[in-house]
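The structure appears right after this line, and notes come after that.
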Amino acid sequence: EYCSYGDLHVHSQFSQSHVEFGPPLEVIDILAHASGMDFAGITDHSYDLGCAMDNYLRPDPQAKRWSTVSNSMANADKFKTIMVLGEEISCVNARNRVVHVCALGITEFIPGSRDGARFNKLNNKQLKISDTLREIHRQNGVAIAAHIGAEPGALQKMFLHRGTWSQSDIPSDIDGIQGVNTGFSASWKRAKSLWINKLKQGLRIPLIAGNDAHGDFNRYRYLGVPFVLVKETFDRYLGYAKTGTYGKVSSPGDLLECIRQGKTFVTTGPYLCISTSARESNCLIANNDLLLDMDHVTLILKSNYEFGKPEEIHLLLGEYIPGSSEKMLFRRKCTNFAYEVIEKVALQNVPEKGYLRAEAVCRKEDGTTTEAYTSACYFTKYN
């Protein structure tokens, strides 16, 4: 009753190329609902949506794939899951290399095909990141920097023109950062560093999680060597990592507003928040300034048998000083056997303004871990 969960980077059958493909929307809905998710963002590739329905190598100036998926999602009542129409847009950064932006809640197709391993004479316009965000916002959608910690291989850079997100690529008007693309691996560590550096610059950007899920629900096929070798992995699937919202969402509009307000956390299972009390409804995570007239905040961590027992929980404080280090306000190694941790943390010697964020790790009986990270809440000591 105090949060919703979902996957905000999902590909359907309208993503179809030499290697990648997705399932029907109806199947995504069934699997998402069965796994306990409340929402899913359908973000098919721009370079696929610009191709013909019967031939993914032939460009289609009418973008019928886009209109088909849009029409398929128009009747929301047929889905048990809140399905949000979106697109994964290929655009170029300052070095003219391709990075991806996930748009959610848009109504019109946005082109981008440079890294799609096909030549599209009819619709080959390559937008810059800034142009892409401008178009998404014109349509009243939200723009999320997709899998910003991912680094393409040398051959993908050479043949598919793919690049990496850098600090200078992340604009001030981005609505969210997909820091987690499956689990908390090396990609997450790089994304987390980029995100924290932006927080220190004064930007207020919420965290988003997704899995870039394609095709089968228990595996992911990807390019090992472009045009030569296809590989598979079995730890990347729909709903493995989830975006959580503080507060229940009941419509696509509710979800988009939660993202705009920064009321999100990312997790592979546990619930985590920073609150004024032991009540989840008093969560402080949001983009607005909190007038810090309190002497403590409360950390709330909730897990269960499936996600493991709490092992460690942290509260960190950051200042708007580029290059500064975050301060660990609280760190606890959990030694009891409870699945719930509620900790009051004193706020002493905090600066005039800054941000707070929380982290937690739980451990399952098989030794594997699940993790959760909140977006930031922002405070000031004066009006």
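For the residue pair Thr68/Asn71, the side-chain donor-acceptor check at 3.5 Å is not satisfied. Thr243 and Thr264 share no donor-acceptor pair across their side chains, judged by distance under 3.5 Å alone. No hydrogens or angles considered: a donor-acceptor pair under 3.5 Å links the side chains of Glu88 and His11. Between the side chains of Ser187 and Asn181, no donor N or O sits under 3.5 Å from an acceptor N or O. Counting only N and O atoms by type, the side chains of Asp289 and Thr380 include no donor and acceptor under 3.5 Å apart. Between the side chains of Tyr355 and Glu326, a donor-acceptor pair is found at a separation under 3.5 Å. Residues His161 and Asn96 have side chains that never bring a donor and an acceptor to within less than 3.5 angstrom of each other. Side-chain atoms of Lys64 and Gln62 include no donor-acceptor pair closer than 3.5 Å. Between the side chains of Arg114 and Gln126, no donor-acceptor pair of N or O atoms lies under 3.5 Å. Counted by atom type alone, His314 and Glu312 present one or more donor-acceptor pairs between their side chains at under 3.5 Å. When only modelled atom types and interatomic distance are considered, Ser90 and Asp115 share a side-chain donor-acceptor pair under 3.5 Å. Side chain to side chain, Asp38 and His33 fail the donor-acceptor criterion of an N or O pair below 3.5 Å.
With values rounded to the nearest 0.5 angstrom, Arg65 atom CZ is found 8.0 Å from Phe14 atom CZ. Rounding to the nearest 0.5 Å places CE of Met37 at 9.5 Å from CG of Leu8. The CG atom of Leu284 sits 8.5 Å away from atom CG of Leu356, with the distance rounded to the nearest 0.5 Å.
Looking at residues two or more places apart in sequence or on another chain, you find no salt bridge (Lys or Arg N to Asp or Glu O under 4.0 Å) involving Arg97. For Asp173, the salt bridge (Lys or Arg N to Asp or Glu O under 4.0 Å) criterion is met by no residue, not counting sequence neighbours.
Summarising the local packing, NZ of Lys263 is surrounded by 12 or fewer heavy atoms from other residues, nucleotides or ligands at distances under 6.0 Å. Within 6.0 Å of the NZ atom in Lys80, the count of heavy atoms belonging to other residues, nucleotides or ligands does not exceed 12.
Using modelled atom types, no side-chain atom of Thr374 and backbone atom of Arg357 make a donor-acceptor pair closer than 3.5 Å. In this structure a side-chain-to-backbone donor-acceptor pair under 3.5 Å is present from Tyr320 to Gly354. Formation of a donor-acceptor pair under 3.5 Å by the Arg204 side chain with backbone atoms of Asn287 is found in this model. Side-chain N or O atoms of Thr267 include one that pairs as donor or acceptor with a backbone N or O of Pro270 at under 3.5 Å. Thr245 contributes a side-chain N or O that, together with a main-chain N or O of Gly247, makes up a donor-acceptor pair within less than 3.5 Å. Between the side chain of Glu87 and the backbone N or O of Ile110, at least one donor-acceptor pair lies under 3.5 Å.
Here Tyr246 and Tyr2 keep their ring centres 6.0 angstrom or further from each other. For His100 and His9, the ring centers sit 6.0 Å or farther from each other. Between Phe307 and Tyr339, a ring centre-to-centre spacing not shorter than 6.0 Å is recorded.
A salt bridge links Arg332 to Glu343: one of the charged nitrogens lies within less than 4.0 Å of a carboxylate oxygen. Remark: Arg95 engages Asp169 in a salt bridge, criterion side-chain N to carboxylate O under 4.0 Å. Using a cutoff of 4.0 Å between basic side-chain nitrogens and carboxylate oxygens, Glu359 and Lys192 are scored as salt-bridged. Salt bridge status for Arg138 with Glu108: present, with a side-chain N to carboxylate O gap under 4.0 Å. Ion pair Asp131/Arg134 flagged as a salt bridge, since at least one NZ, NE, NH1 or NH2 atom sits closer than 4.0 Å to an Asp/Glu carboxylate oxygen.
Taken together through direct or relayed side-chain contacts under 4.5 Å among Ile, Leu, Val, Met, Phe, Trp and Tyr, Ile144 and Val98 form parts of separate hydrophobic clusters. Cluster membership for Trp195 and Val99, using ILVMFWY side-chain heavy atoms within less than 4.5 angstrom, is shared. When the side chains of ILVMFWY residues are joined at heavy-atom separations under 4.5 Å, either directly or via intervening members, Leu133 and Leu104 end up in two distinct hydrophobic clusters.
For the pair Ile82 and Ser251, the minimum side-chain heavy-atom distance is 4.5 Å or more.
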*May I have the step-by-step check of side chain to side chain donor-acceptor pair (under 3.5 Å) for Thr81 and Asp29, ending in yes or no?*
CA-CA 6 Å; Thr81 310; Asp29 177 43; 2.8 Å; yes

*side chain to side chain contact (heavy atoms under 4.5 Å, CB included) assessment of Leu317 paired with Val350*: CA-CA 8 Å; Leu317 177 146; Val350 298; 3.6 Å; yes

_What verdict does the side chain to side chain contact (heavy atoms under 4.5 Å, CB included) test give for Asp54 and Arg58, after you've listed the backbone C-alpha separation in whole Å, the side-chain angles of each residue and the deciding distance to 0.1 Å?_
CA-CA 9 Å; Asp54 60 349; Arg58 179 164 57 85; 2.7 Å; yes

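Residue Tyr373 forms a ring-ring contact (aromatic ring centres under 6.0 Å, His included) with just one option from Phe265, Phe184, Tyr271, and that option is Phe184.
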